[in-house]
A.B. asks: 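Here it is: the structure, laid out below.
No experiment lies behind these values; they were computed from the predicted model shown.
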Amino acid sequence: MANEQADPATGLRALRPDDWDKWYANLSRAFGGIPEGDEERELWNSFTEFDRSLGVWDGDECVGTAGAFSFRLTVPGGDSVPAAGVTMVSVAATHRRRGVLRSMMRRQLDDVRSWGEPLAVLTASEPAIYGRFGYGAAAFQMNAEIDTRRTSLSVPPGTDDVRLRYAVPADVLDACEAVYARLVPGRPGMLARRPGWERLGTVDPAGGRDGASPLQCVVAERGGETVGYARFRVKPHYGPAGHDGSVVLSDLAALDPAADGALWRFLFGVDLTSTLVARGRPVDEAWQYMVSDIRRCRPEVRDSLYLRLVEVGSALRARTYQTPVDVVFEVEDVFCPWNAGRWRLSGDAKGASCERTQDTADLALSVRELGAAYLGGVSLAALAAAGRVRELRRGALAEASLAFGSAGVAPWLPHGF
């Protein structure tokens, strides 16, 4: 468990409430040093779990930071599994190449294991850093800049039955959060948020708008029930041909195709705009199949969620498998050696077991590859083609790769942390 005493060799200890200002200042400086507004600082202070956060101190100076939010993450099969949301990781530029990051990662993963959490997840500002600590890229996101003047939208049946209305974002926060909560079990990678986290979607600092409007919200209703919402900003622009502003989408969620179609149709039609900017969306989101010309949407896929199996056996037992699987993995894990060795996974769509075994291995891989494949968005077969998984029994790769899929739904992380 986290220890309140500093390690005399490294200055590493759990965060105390009266440390927070110095700790957060070090983090802010590492990410450019641009000060945040009071609302943002208060929000992140309220989210900080002090006994799950670490600081490295050189005398009175904080030179390293790392935190671990207590989340529950949806996995294939719909269950939510305890997961440490690794966050706020920084090392002062004056203390690079001294083992500060490694000491925090070592302590953090030991702590996560002691808390009984089988998974750790993070978003990476520098992806190259985290592979050596066993994290694999497990979920991706879609970014798009849609030319709404030259792209039409074909919406699903029932769209016209959905009523849309403007609302003050804070006034409909509970209704929007209820929509989000209903969606969480249906997609791997989504986070079951703790109370208070819904505020993240409505933080609206003036300095972060980049010339756009304050945050706006439209809710979708049917029969008096909220069935979806979109939060967005409008960025005006007047060019040689007249008004050609942008709609900048912040968040969108819908309970059914008609509500989804109504919200996207609204965003395509906002007056005095010609571009819809959407970032961080699911890679399989339906709007891609409603548009008349996907090329004019400039789709771009990038990495999003990185995942590490902290306890291989517990993690593989926690999810279900699309098809029956019975395979022995030879797992390499240098950083968390308790995971290393052979594990027999037997499972199907109803559940799974995963135990240590002395049986002959069928597949060999590192814990990083297991993390990448865990949510079903990255194929073990694709990793094998890249030389990162070795098939030791003929047919085992195809069996495991199919079983690890996520039943046609791409994993998605809805927001950063």
A.B. asks: Using a 3.5 Å distance criterion without hydrogens, assess whether the side chain of Thr74 forms a donor-acceptor pair with backbone atoms of Ser80.
C.D. replies: no

A.B. asks: Without swapping roles, check the side chain of Trp44 against the backbone of Glu39 for a donor-acceptor pair under 3.5 Å.
C.D. replies: no

A.B. asks: Less than 6.0 Å separating the ring centroids of Phe47 and Trp197?
C.D. replies: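 They qualify: ring centres under 6.0 Å apart.
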
A.B. asks: Classify the angle between the aromatic ring planes of Trp264 and Phe268 as parallel (below 30°), tilted (30 to 60°) or perpendicular (above 60°).
C.D. replies: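 Geometry flag for Phe268 against Trp264: perpendicular rings.
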
A.B. asks: Can a salt bridge be assigned to the pair Glu36 and Arg41 using a cut-off of 4.0 Å between side-chain N and carboxylate O?
C.D. replies: no

A.B. asks: Is the closest basic N to carboxylate O distance between Arg199 and Glu42 below 4.0 Å?
C.D. replies: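 Counted as a salt bridge, because a side-chain N and a carboxylate O are separated by less than 4.0 Å.
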
A.B. asks: Using modelled atom types only, decide if a donor and an acceptor are shared between the side chain of Glu145 and the backbone of Thr275 within a distance under 3.5 Å.
C.D. replies: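 The answer is no, because no donor-acceptor pair under 3.5 Å joins these two groups.
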
A.B. asks: Could you tell me whether Arg296 and Asp293 make a salt bridge, using a distance below 4.0 angstrom between a side-chain N and a carboxylate O?
C.D. replies: yes

A.B. asks: One thing to verify: whether Arg52 and Asp111 come together as a salt bridge, which I'm taking to mean a side-chain N less than 4.0 angstrom from a carboxylate O.
C.D. replies: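 Judged by the 4.0 Å cut-off on N to carboxylate O distance, Asp111 and Arg52 do not form a salt bridge.
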
A.B. asks: Evaluate Thr273 against Ser246 for side chain to side chain donor-acceptor pair (under 3.5 Å), listing each step before the verdict.
C.D. replies: CA-CA 5 Å; Thr273 66; Ser246 301; over 6 Å; no

A.B. asks: Side-chain donor-acceptor contacts of residues 233-243 below 3.5 Å, not counting sequence neighbours, with atom names and distances?
C.D. replies:
unit_1, atom_1, unit_2, atom_2, d
Arg233, NE, Asp204, OD1, 3.2
Arg233, NH2, Asp204, OD1, 2.7
Lys235, NZ, Asp210, O, 3.2
Lys235, NZ, Asp210, OD2, 3.1
His237, ND1, Asp244, OD1, 2.7

A.B. asks: Is the shortest distance from a Lys or Arg side-chain nitrogen in Glu355 or Arg344 to a carboxylate oxygen in the other one below 4.0 Å?
C.D. replies: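 No, no charged N to carboxylate O under 4.0 Å.
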
A.B. asks: Only pairs under 3.5 Å count here: list side-chain donor-acceptor contacts from residues 405-417, not counting sequence neighbours, and write none if there are none.
C.D. replies:
unit_1, atom_1, unit_2, atom_2, d
Ser406, OG, Val409, O, 2.4
Trp412, NE1, Gly280, O, 2.8
His415, NE2, Arg193, NH1, 3.3

A.B. asks: Please name the pair of heavy atoms, one in Gly371 and one in Leu309, separated by the smallest distance, quoted to 0.1 Å.
C.D. replies: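 Where Gly371 meets Leu309 most closely, the heavy atoms are CA-CD1, 3.6 Å.
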
A.B. asks: Could you check whether Glu369 pairs with Arg390 (Lys NZ or Arg NE/NH1/NH2 to Asp/Glu carboxylate O, under 4.0 Å)?
C.D. replies: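 So Glu369 does not pair with Arg390 through a salt bridge.
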
A.B. asks: Is there a donor-acceptor pair closer than 3.5 Å between any side-chain N or O of Glu391 and the backbone N or O of Leu397?
C.D. replies: yes

A.B. asks: Any side-chain donor-acceptor pair under 3.5 Å between Asp251 and Tyr180?
C.D. replies: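 Not at all, the side chains of Asp251 and Tyr180 share no donor-acceptor pair under 3.5 Å.
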
A.B. asks: Determine, for Arg394 against Glu399, whether the closest basic-nitrogen to carboxylate-oxygen distance falls under 4.0 angstrom.
C.D. replies: no

A.B. asks: Relative to Phe335, does Arg106 satisfy both conditions: NZ or CZ under 6.0 angstrom from the six-membered ring centre, and within 45 degrees of the ring's axis?
C.D. replies: yes

A.B. asks: Charged N to carboxylate O under 4.0 angstrom, Glu332 versus Arg368?
C.D. replies: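 Salt bridge: no.
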
A.B. asks: Would you be so kind as to tabulate the donor-acceptor pairs closer than 3.5 Å made by side chains of residues 127-141, with sequence neighbours excluded?
C.D. replies:
unit_1, atom_1, unit_2, atom_2, d
Arg132, NH1, Ile129, O, 3.3

A.B. asks: Does Arg222 come within less than 4.0 Å of Asp161, counting only side-chain N to carboxylate O?
C.D. replies: no

A.B. asks: Using the rule given for side chain to side chain donor-acceptor pair (under 3.5 Å), can you reason through Ser70 versus Arg194, listing the C-alpha separation, both sets of side-chain angles and the distance that settles it, and then say yes or no?
C.D. replies: CA-CA 8 Å; Ser70 48; Arg194 300 177 69 189; 2.7 Å; yes

A.B. asks: Treating Thr65 as the side-chain partner and Met88 as the backbone partner, does any N or O pair qualify as donor plus acceptor under 3.5 Å?
C.D. replies: yes

A.B. asks: Regarding Arg113 and the six-membered ring of Trp338, is the cationic atom NZ or CZ under 6.0 Å from the ring centre and inside 45° of its axis?
C.D. replies: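 Positive - Arg113 is close enough to the ring of Trp338 and near enough to its axis.
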
A.B. asks: State which residue, out of Leu267, Leu276, Leu249, fulfils the side-chain contact (heavy atoms from CB on, under 4.5 Å) condition with Ile146.
C.D. replies: Leu276

A.B. asks: Using a strict 4.0 Å threshold on nitrogen-to-oxygen distance, state whether Arg187 and Asp284 make a salt bridge.
C.D. replies: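 Salt bridge present between Arg187 and Asp284.
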
A.B. asks: Treating Thr151 as the side-chain partner and Thr148 as the backbone partner, does any N or O pair qualify as donor plus acceptor under 3.5 Å?
C.D. replies: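 No; zero donor-acceptor contacts below 3.5 Å.
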
